[in-house]
Amino acid sequence: MSRISRIKGFADMFPEESERYTFMEAQARRIFGVCGFREWRTPLLELTELFRRTIGDETDVVQKEMYTFVDAKGRSLSLRPEATAGIVRAYVQESCYERERVSRVFTCGPMFRHERPQKGRMRQFHQINCECLGDPSPMADAEMILMLLEFLKAIGIGKTVLKLNSLGCVACRPAYVERLGEFLAKVSGDLCPDCKRRAAANTMRVLDCKRPECRAVLERGPKMSDFQCADCRDHFGRVTRLLDAGGAAYETDPCLVRGLDYYCRTAFEVLSADIGAQSAVAGGGRYDGLVWSLNGPDIPGVGFACGLERLAMLMPPTASAVPDFHLLVLDEGLLEDGFALMQDLRGRGLSGVMNHEVSGFKGLMRQADRSGAWFCLLLGPDEAAAGAVTVKDMREGGQRTVPRENVYDILAGDKS
RNA sequence: GCGGGAGUAGCUCAGUUGGCCAGAGCACCUGGUUGUGGCCCAGGGGGUCGUGGGUUCAAGUCCCAUCUCUCGCCCCA
């Protein structure tokens, strides 16, 4: 008989870590809520077709990273590799655009991609997503970015860089991609093998190659900014002005490209130098064609996702809750009596546990110490005879024996 | 899919050119203290040395294979 172990790329999360996630989600709810965003929860499992249509058939995510299987009815289903597709599917399916002009949505939960795990990249990973559907204004882009920065600040993350770019739209990007492709074909000999492959498969991706030799070549290539239509140019100009006014620091980076097909115009990423090679902690942008691609009306959208595994690495430690008491019952015959006392205290909002069996006093006392509780409550024959409980302050070391009905007030009083 | 590093106690690791019964620190348990934790002292439990094969009188140590973890490439948040 061998033990069953965890599968690769999946994590067990113990309190020290999971409490960080809870904290991040709580801050997200608070800050995004202030901005009018409300939480949606959509299924972890969707028809594979949804992701093929939205993320893009040619992307690595769809081609080789999804957990896909055929169900009993012969349908191809996939665990969601990202959240936006499901949100937009629900938006279209429930005709949310008929009920409200602008839908502001956030969602959080696990995503799944079958990649090789490494620092900051798990096969089951967690994201918080925000989507604003139905608002074409650059104000929506800027609002989204400022909200994201506010969130990062709230969870204690500094030392990040915000990068910004405009990817153009259906009207102007195709011409650019074509010219870029022609250029890359000409200089093909000077590119790294990866870029040669990318030039054909996903042309824009060549722009974010990290190799210096490729970057040098690209310096001489066509620039997206020279191809942008007037609308895109105006849109991006207004976004940057709003960010300036909002006090956000950013760098425009003409080489910033998004990985998923549906992005257009504004694209942004938040990067950190402190978490290894997977340096993007959040990323997003505008996706005006996405609702349409799911046979919905032509409704614009803008959104972002942040990776909680990566943010968790950057967060300062969170303080975990300290129990109010640890009850030690010193005699077998008093266990049920002690149980009632514990339940009474819990019912009045105090937290704590008790021993369920009586062993050596030293060991019990050590358990009380390890629990970290503020107070140790002692219930033994002496106390029981007097209808009392001994309350020991574990920080100060002092103790006193008081009538049982006073225990709550002492603990609650010290708490405030 | 490709490349680097690492697997010895619950955790972090030591183990010298192969050589006596496989070690330390931390953690855990018990006792020193009949009902007082942390500090100290004494004792104790716990290991198929990742797994399988090979070389050898002898393998944690050398060779081969394999698995797992980890960092990076790719890709992405």
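Each chain gets a letter, A, B and so on, in the order its sequence line appears, and its residues count up from 1. What you see is a predicted model, and the numbers here were worked out from it, not measured in a lab.
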Contact list (N/O, under 3.5 angstrom) for nucleotides 69-77 of chain B vs protein:
residue, atom, partner, partner atom, Å
B:C69, OP2, A:Lys8, NZ, 2.9
B:C71, OP2, A:Lys119, N, 3.0
B:G72, OP1, A:Ala277, N, 3.0
B:C74, N3, A:Arg121, NH1, 3.3
B:C74, N4, A:Gln118, OE1, 3.4
B:C74, N4, A:Arg121, NH1, 2.3
B:C74, N4, A:Arg121, NH2, 3.1
B:C75, OP1, A:Arg198, NH1, 2.6
B:C75, OP2, A:Arg198, NH1, 2.3
B:C75, O2', A:Glu65, OE2, 3.3
B:C75, O2, A:Glu115, OE2, 2.8
B:C75, O2, A:Arg121, NH1, 3.0
B:C75, N3, A:Arg121, NH1, 3.3
B:C75, N4, A:Gln278, OE1, 3.4
B:C75, N4, A:Gln278, NE2, 3.4
B:C76, OP1, A:Gly259, O, 2.9
B:C76, OP2, A:Arg205, NE, 2.7
B:C76, OP2, A:Arg205, NH1, 2.6
B:C76, OP2, A:Arg205, NH2, 2.8
B:C76, O2', A:Arg113, NH1, 2.3
B:C76, O2, A:Arg310, NH2, 3.2
B:A77, OP2, A:Arg258, NH2, 3.0
B:A77, O4', A:Gln127, NE2, 3.0
B:A77, O2', A:Ala280, O, 3.1
B:A77, O2', A:Val281, O, 3.3
B:A77, O2', A:Ala282, N, 3.0

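Rounding to whole angstrom units, CZ of residue A:Phe375 and P of B:G37 are separated by 19 Å. Counting to the nearest Å, the P atom of B:C11 and the CD atom of A:Glu16 are 16 Å from each other. The nearest whole Å value for the distance from the CZ atom in A:Phe361 to the P atom in B:G37 is 8 Å. Rounded to whole angstrom, the span from the CD atom of A:Glu383 across to the C1' atom of B:G35 amounts to 8 Å. The CG atom of A:Asp369 sits 16 Å away from the C1' atom of B:C29 (whole-angstrom rounding). Summarising the geometry, the separation between CG on A:Asn355 and P on B:U36 is reported as 16 Å, rounded to the nearest angstrom. Whole-Å rounding puts the A:Asp393 CG to B:G38 C1' distance at 14 Å.
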Between A:His326 and A:Phe375, does the ring pair (Phe, Tyr, Trp, His ring centres under 6.0 Å) criterion hold? Intermediate values first, please.
CA-CA 6 Å; A:His326 188 99; A:Phe375 291 98; over 10 Å; no
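Using modelled atom types, one side-chain atom of A:Ser293 and one backbone atom of A:Leu290 make a donor-acceptor pair closer than 3.5 Å. With hydrogens and angles disregarded, no donor-acceptor distance shorter than 3.5 Å links the side chain of A:Glu115 to the backbone of A:Pro117. Side chain of A:Arg113 to backbone of A:Pro81: a donor-acceptor contact under 3.5 angstrom is found. The backbone N or O of A:Arg104 lies less than 3.5 Å from no partner atom in the side chain of A:Arg38, so there is not a single donor-acceptor pair. A donor-acceptor contact shorter than 3.5 Å is absent between the side chain of A:Arg265 and the backbone of A:His235.
Annotation: B:C71 and B:U30 have their P atoms spaced 38 Å apart (nearest Å). A distance of about 11 Å separates the P atoms of B:A59 and B:C20, rounded to the whole Å. B:A9 and B:G47 are spaced 10 Å apart, taking the P atom of each and rounding to whole Å. B:C62 and B:G72: their P atoms are spaced 28 Å apart (whole Å). As rounded to the nearest Å, B:C63 and B:A6 have P atoms that lie 13 Å from one another. Using atom C1' as the reference point in both B:C29 and B:G37, the two lie 16 Å apart (nearest Å). Nucleotides B:C21 and B:C49 place their P atoms 15 Å apart, quoted to the nearest Å. Separation of the C1' atoms belonging to B:A58 and B:C74 is 47 Å when rounded to the nearest angstrom.
Residue-level contact check: A:Leu364 touches neither bases nor backbone, having no heavy atom under 4.0 Å from any strand. Among the heavy atoms of the strands lying under 4.0 Å from A:Met394 is at least one base atom, whether or not backbone atoms are also near. As judged by a 4.0 angstrom heavy-atom cut-off over every strand, A:Gln399 is placed among the base-contacting residues. Counting non-hydrogen atoms under 4.0 angstrom, A:Pro81 reaches nothing in the nucleic acid. Residue-level contact check: A:Asp382 touches the bases, meaning some heavy atom is under 4.0 Å from a base atom.
Across all strands shown, B:G25 pairs with B:C11; the Watson-Crick or G-U wobble distances both stay below 3.5 Å. B:C40 is paired with B:G32 under the criterion used here, namely a Watson-Crick or G-U wobble arrangement in which both key atom distances are under 3.5 Å. Across the strands present, B:C62 finds its partner in B:G54; the criterion is a Watson-Crick or G-U wobble pair with both atom distances under 3.5 angstrom. Pairing of B:G3, defined by two Watson-Crick or G-U wobble distances under 3.5 Å, is identified with B:C71.
The pair A:Arg286-A:Asp288 counts as a salt bridge, with a side-chain nitrogen and a carboxylate oxygen less than 4.0 angstrom apart. Taking a cutoff of 4.0 Å between a charged side-chain nitrogen and a carboxylate oxygen, A:Arg20 and A:Glu309 do not qualify as a salt bridge.
The base of B:G32 sits with one of its N or O atoms less than 3.5 Å from a complementary donor or acceptor on the side chain of A:Lys362.
No donor-acceptor contact under 3.5 angstrom links the side chains of A:Asn129 and A:Thr107, judged on distance only.
Proximity of A:Arg366 to the phosphate of B:U36: no side-chain N or O atom is located under 4.0 Å from OP1 or OP2.
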